[in-house]
Amino acid sequence: MLKRTLTCGDLRAADDGRQVTLNGWAYRRRDHGNIIFIDLRDRYGVTQVVITQDAAEAYAAAEKVRSEFVLAVRGTVRLRPAGMENPGLDTGDVEVVVSELVVENAAKPLPFEIRDDVEANEYTRLKYRYLDLRRPRLQENIILRHRSVKLMRDYMDEHGFLEIETPILTKSTPEGARDYLVPSRVHPGKFYALPQSPQQFKQLLMVAGFDRYFQIARCFRDEDLRADRQPEFTQLDVEMSFVDQEDVIDLISGLCRQQVAELTAAAAPSLPFPRLTYAEAMDRYGSDKPDIRFGLELQNLGDLLSDTGVGFLKAALAAGNQVKALRGPGLATLSGQKLRERVKAYEEVVRIYGAKGLAWLDFPADGESAPKSPIAKFFNTDELAAIAERCQAEPGDVVFIVADTGKVVAAALGELRLRIARDQDLIAPGQFAFLWVVDFPLVDWNEDENRWDAMHHPFTSPKPEDIDRMESDPASVRANAYDIVLNGVELGGGSIRIHQRDVQERMFKLLGHSPEATALKFGHMLDAFEFGTPPHGGIALGIDRFIMLLASEQSIREVVAFPKNQQAVEPMTGTPDVVDTAQLDMLGIRLVSIEKKETP
RNA sequence: GGGCCCGUGGUGUAGUCGGCUAACAUACUGGCCUGUCAAGCCAGAGAUCGCGGGUUCGAGCCCCGUCGGGCCCGCCA
């Protein structure tokens, strides 16, 4: 083959006169008759090559070139004629006059065009992912991902961390997400599980004295997919010994700051990152991962309405429910028709999160007209004024009210808050608003199973001042747990771990595990805690999500080379797929037909 | 398990109060053209409108079912 002497991103005016050979893909071809331009593309850039009848053989070949042919060209670099430079290309001052052109591989018409401004159906994109990945946008995302991970590795190395691999074939654990299982051929009837995270191994590395560990770790969870959830994903997994929460927060804040500073056009976010307790976050934003790029905080109205005559609010407060409000800036300036449509859409939003209704009060822009809200007349003047003051509602605003259990109010208004911010364009692009959420509850009551679940995971330590209430009032026990949030996306979370056997046993007991089950599943952890375990803690960052945000993408599939679709299918290879009976026989596995849903 | 939205030439879209001989752009094929850079101009081919059924004189459009996809709820220690 005709090997390149440099890449399609290299040539500059100073290279005028050089003999060069380029390899690449025919990105665009412009045939003027007797002169043909081809933009030759590789991952480094685009270079214009020119073919004329002066090189008759090359010209004949160039006439047959189509999009995405792989070419090798030999020729001479020359400055473009005055006025013909292309400032849009790094190589735009020059072009290569071709003396020899070789078609290394032709290409059939493509299933979609290789360009950023035409978005093909995502199934087609995934089926031909190798073509999708040629598009500049995905090339940039994948390159950004490389740089991000490289930067993380260097940062961790500079801070004294060791990168250590942990098993992919490991043991199924009863807690948390569904495991992906791998049958053992050597032990028919037994199974490995793919790790949901390297949690136990990294803690045991602390017991082993490795002190500062990290890993770019692939994790697997067999749960339903979302735009920000793939069944396999990558974490920056970190664990440290002889540290407290502040050490972990400092370390990771610095890493995040560096990522933004070095990989985006945004200014480095200032340290320390803002911090909220879980209780504050839920109260003020209705979310444990608040987007703090805009205001619109939730306001409690309960105390203002203790004597209200408004029936549904009175009833809600009497039942011990919450009444909270959210300001919709400028919404009262919409026409009656538009406002009704908007309210209807917002009712739909809160309904999804369990709210039975959405009340609204408009404050007319002129400060005089009668409100359009059908319920405004039930409030007395003092109440309206108090609500406006509490919500800092100006003339022209609408205030939305949800009365329900604390959980429903938070979820409904928390989500509505995001929706209003988007609709009213309150989020300026290009921001990276980090936030630490701390003091998570240790456990969470599971209504369905009638038991306590670990909010983070069962190895998370309770706050020393709360530990005495683990048995008497578990809901009030706070954990040494922390999450880092970026632009309303949960980037990662961690905790200071339990390192004492008795505390760990109390935790398992609280979670409803019998001593026998605990010994069977977690005996190795409990044993380790009796052989000199240092105080330790750590964190894991979702790398896919981080890069999605750095790249301003809406889905982590845009930053994963070969992602699965929402049905957990990878359309290119056709994964998952059936296997030979012989393979199953070897594993001692027999398939039973999956029961069809019964028809009523 | 559930909710909402979307399936129209290869690709992206329009057409959705029923009248279509299915439109536009691009890609594709052929022709013209020596300075373009999303090149341009001319001509051409290419779609049983995801699939099945129904309503109707007539269905891309309405109804029912089904398949595929996206977003979300549940789920995700």
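Here is how names work: the chains are called A, B, and so on, in the same order as the sequence lines, proteins then strands, and each is numbered from 1. Please read all numbers here as calculations on a predicted model, not as lab measurements.
Side-chain atoms of A/Arg80 and base atoms of B/rU36 include a donor and an acceptor less than 3.5 Å apart. For B/rC76, the base has a donor-acceptor partner in the side chain of A/Arg229 [N/O atoms by modelled type, under 3.5 angstrom].
Between A/Phe508 and A/Phe522, the ring-plane angle classifies as parallel under the 30° and 60° cut-offs. Taking the six-membered ring for Trp and thresholds of 30 and 60 degrees, A/Phe459 and A/His457 have ring planes inclined between 30 and 60 degrees apart. Ring orientation note: the planes of A/Phe529 and A/His536 are tilted relative to one another, at an angle of 30° to 60°.
Put simply, A/Arg226 has a side-chain N or O that comes within less than 4.0 Å of OP1 or OP2 on B/rC73. Considering only side-chain N and O atoms, A/Tyr353 lies under 4.0 angstrom from the phosphate OP1 or OP2 of B/rC73.
Contacts between residues 552-564 of chain A and RNA chain B, defined by a heavy-atom separation below 4.0 Å, involve A/Arg557, listed by number. Residues from residues 54-68 of chain A lying near RNA chain B, meaning a heavy-atom separation below 4.0 Å, are A/Arg66 in numerical order. Within a heavy-atom distance below 4.0 Å of RNA chain B, the residues of residues 30-48 of chain A found are A/Arg30, A/Asp31, A/His32, A/Gly33, A/Asn34, A/Ile35, A/Phe37, A/Asp39, A/Gln48.
The local environment of CZ in A/Phe220 is crowded, with over 12 non-hydrogen atoms from other residues, nucleotides or ligands closer than 6.0 Å.
Positionally, the nearest nucleotide of RNA chain B for A/Glu85 lies more toward the 5' end than for the other of A/Glu85 and A/Val569.
With sequence neighbours excluded, the residues satisfying salt bridge (charged side-chain N to carboxylate O under 4.0 Å, His left out) with A/Arg78 are A/Glu95.
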Using a 4.0 Å heavy-atom cut-off to protein, can you give one letter per nucleotide of nucleotides 43-49 of chain B, 5' to 3': B if the base is in contact, S if only the sugar-phosphate is, - if neither? -------
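Under the 4.0 Å criterion applied to side-chain N and carboxylate O atoms, A/Glu415 and A/Arg419 are not assigned as salt-bridge partners.
Shortest non-hydrogen contact noted between A/Asp466 and A/Ser476 is OD2-O, 3.7 Å.
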Produce the list of close N/O pairs, under 3.5 Å, pairing protein atoms with atoms of nucleotides 10-14 of chain B; give distances to one decimal.
| residue | atom | partner | partner atom | Å |
| --- | --- | --- | --- | --- |
| B/rG10 | O2' | A/Pro111 | O | 3.2 |
| B/rU11 | O4' | A/Pro111 | O | 3.1 |
| B/rG12 | OP1 | A/Asn121 | N | 2.5 |

